[in-house]
There are 2 protein chains.
Amino acid sequence: MTDKRAGAKAHSIATEVRRRIVERRWRQGERIPDEAELAIEFDAARATVNKALQMLADEGLLDRRRRAGTRIAIDPVRKASFSIGIVREQVEQAGLVYGHRVVAHRLSPAPAGIAACLGLPVGEKLVRMRAVHYGDGTPFQLEDRWINLRAVPDLDPASLRRLNVNEWLVRNAPYLHAELAFSAENANRRDARLLQVRHGQALLIQQRTTWNDLGPITTVRVAFRPGHRVSTDGRAAEAD
Amino acid sequence: MTDKRAGAKAHSIATEVRRRIVERRWRQGERIPDEAELAIEFDAARATVNKALQMLADEGLLDRRRRAGTRIAIDPVRKASFSIGIVREQVEQAGLVYGHRVVAHRLSPAPAGIAACLGLPVGEKLVRMRAVHYGDGTPFQLEDRWINLRAVPDLDPASLRRLNVNEWLVRNAPYLHAELAFSAENANRRDARLLQVRHGQALLIQQRTTWNDLGPITTVRVAFRPGHRVSTDGRAAEAD
DNA sequence: ATCGTGCTTATGTCTAGACATATTTTTTCT
DNA sequence: AGAAAAAATATGTCTAGACATAAGCACGAT
């Protein structure tokens, strides 16, 4: 075992097991030695081995079932994760000067599509607002948002004009559950105008909906400027 | 504590702490009681509390630092995760009959863009192949793939014509590291023809590159059929 | 053969205690 | 006062042992 000084023990066991899988010393569908045996081999407690194997199972590399043992996943369904945070930070991290403009905001009844997203009755009064986020003066992304005031009683509708709602919500309305989907759309006339691109341009769209204990909080359609790529956090999950 | 019979103890502690955050009983930036105190409150061992808090830190809700203690993240950067598996399964899961056609495959030198993706010298001989995946006879997604044979010595280039490479690779070439990015592009002439859509149609593009211990394995550009949405696994990570 | 019944086994999870490590805080020395 | 050294403390991680639980397996009765 290449016990590198850096890593914790569980981590280094995971790395070693991962290597054995990738090097096909242990093959797809095969059963691997049980926790107790691995504990002896790696000179660790069973709990430590368990932790390592759990990590790999979360990654999708292993299938584990009680009594049946641990086997290498036949077709590993691996996971990739994305961060969703504050737009301003993304812009600034790209080395650009952040700007923000509220284009419209008003109270209006939920149309069918939005109501379905949120699980609220059609016609429910929601705050709708559109804003553009800029990087170095050029449009970075466009957000079209519907907010359920019932789920965020602290939000003062009067302050919406000035507020960066994205930031306010992230900081003041943590959510319990979120759904997120990517798709692509041709820029409609409004998108084109606000993002300053030509009509029909392909836009990456992120639709995001969040809930807390009071119900749905908000659903947003975010349109990124052309050429923008949303990529996985290059963080750990796979190491070395 | 609403100790629901279903959950494990660590899980139920996590749920309770999450509730306190969402209900703003513990506010952003505030420090929460330390593990030892929570262990007493929840009548659990410290290791169990630790596990629960780790989960929340992974979710992005908590910031933890040695000695400094645990505090609620000021701007929670939450994570969303996507599964990447076998195309056929996605198609079948959508209730469609799967079909697959290899459009082209040949050995050719890597152009600059691809070489950069893979970290190989320009001109390196790679297998390039394009294939269309169908659902109920209509194009579902289009893959344009470059394969580094050095990283998958088991792959027989002669069999490529018949093979479903996506499936073969997933099963036979598990990777150590992957990068994945979404973007949007207007369909070029070739995309339009193969996906049977009109030229200029907005397409959701997923660019994916994987590595194992022998180096880069493959990089793929996947173009989804219009209207397709790639969404988060509605799985756990946030519960109840 | 077929269907239960109960034994066995591998993982799931928890516990209590220990030591490691990063920081902060305090003390001590210049 | 300011810098360096020492103490304190919260999290990080491991260990050994325990019990819970799902699921395979064998045995026996029909």
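Letters go in sequence order (proteins before strands), and every chain restarts at 1.
- Nucleic acid contact for B:Ala36: none, since no nucleic acid atom lies under 4.0 Å from a heavy atom of the residue.
- In this structure, the CG atom of B:Leu53 is 15 Å from the C1' atom of D:dT13, given to the nearest Å.
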Restricting to nitrogen or oxygen on both sides, can you table the protein-nucleotides 17-19 of chain D pairs closer than 3.5 Å?
from	atom 1	to	atom 2	distance (Å)
D:dA18	N6	A:Arg46	NH2	3.2

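- Look at B:Arg27 and B:Glu30 and you find no salt bridge, because none of the NZ, NE, NH1 or NH2 atoms lies under 4.0 Å from a carboxylate O.
- For B:Glu41, the salt bridge (Lys or Arg N to Asp or Glu O under 4.0 Å) partners are B:Arg20, not counting sequence neighbours.
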Between B:Tyr134 and B:Phe140, is a ring-ring contact (aromatic ring centres under 6.0 Å, His included) present by the stated rule, with each step listed? CA-CA 5 Å; B:Tyr134 297 88; B:Phe140 184 82; over 10 Å; no

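- With D:dT11, C:dA16, C:dT11 as the candidates, the nucleotide lying closest to the side chain of A:Arg64 is C:dT11.
- The side chain of B:Arg65 contributes no N or O atom lying less than 4.0 Å from OP1 or OP2 of C:dT21.
- Using bins of under 30°, 30° to 60° and over 60° for the plane-to-plane angle, the ring pair A:Phe82/B:Phe82 lands in the perpendicular bin.
- Between the CG atom of A:Asp58 and the C1' atom of C:dG12 there is a distance of 13 Å, rounded to whole Å.
- The shortest distance between the side-chain N/O atoms of A:Lys9 and the OP1/OP2 oxygens of D:dT15 is below 4.0 Å.
- B:Thr48 has a side-chain polar atom (N or O) that falls below the 4.0 Å cut-off from OP1 or OP2 of C:dT15.
- With B:Tyr175 as the aromatic partner, A:Arg78 meets the cation-pi criteria of under 6.0 angstrom to the ring centre and within 45 degrees of the ring axis.
- The 5' end of DNA chain D is approached more closely, in terms of each residue's nearest nucleotide, by A:Ala44 than by the other of A:Ala68 and A:Ala44.
- Put simply, CZ on B:Arg31 is 7 Å from C1' on D:dA10, counting in whole angstrom units.
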Quick test: give all pairs of protein nitrogen or oxygen and nucleotides 4-8 of chain D nitrogen or oxygen below 3.5 Å, distance rounded to 0.1 Å.
from	atom 1	to	atom 2	distance (Å)
D:dA8	N3	B:Arg67	NH1	3.4

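- Counting heavy atoms from C-beta on, the side chains of B:Arg64 and B:Gln54 come closer than 4.5 Å.
- Screening B:Thr218, B:Val220, B:Ile86 against B:Leu169 for a side-chain contact (heavy atoms from CB on, under 4.5 Å) leaves a single residue, B:Thr218.
- For B:Leu62 and D:dG12, the CG to P distance is 10 Å, given to the nearest whole Å.
- Applying the salt bridge (Lys or Arg N to Asp or Glu O under 4.0 Å) rule to A:Arg46 yields the partners A:Glu35; only residues at least two apart in sequence or on another chain are considered.
- Between D:dT11 and B:Thr70, a contact under 4.0 Å exists linking OP1 or OP2 to a side-chain N or O.
- Remark: P of C:dC14 and NZ of A:Lys51 are 14 Å apart, rounded to the nearest angstrom.
- Distance from the side chain of B:Gln54 is smallest to D:dT13 among C:dC14, D:dT13, D:dT15.
- B:Phe42 has its CZ atom 18 Å from the P atom of C:dT13, to the nearest Å.
- Listed by chain and number, the residues in a salt bridge (Lys or Arg N to Asp or Glu O under 4.0 Å) with A:Glu167 are A:Arg88, A:Arg171 (sequence neighbours excluded).
- C:dA16 atom P lies 15 Å from atom CD of B:Glu35, rounded to whole Å.
- Ranking C:dA10, D:dT13, C:dT15 by closeness to the A:Arg66 side chain, first place goes to C:dA10.
- Within the nucleic acid shown, B:Asp63 has no heavy atom closer than 4.0 Å to any nucleic acid atom.
- At D:dT13, none of the side-chain N or O atoms of B:Asn50 fall inside 4.0 Å of OP1 or OP2 (strictly under the cut-off).
- With sequence neighbours excluded, no residue satisfies salt bridge (Lys or Arg N to Asp or Glu O under 4.0 Å) with B:Arg71.
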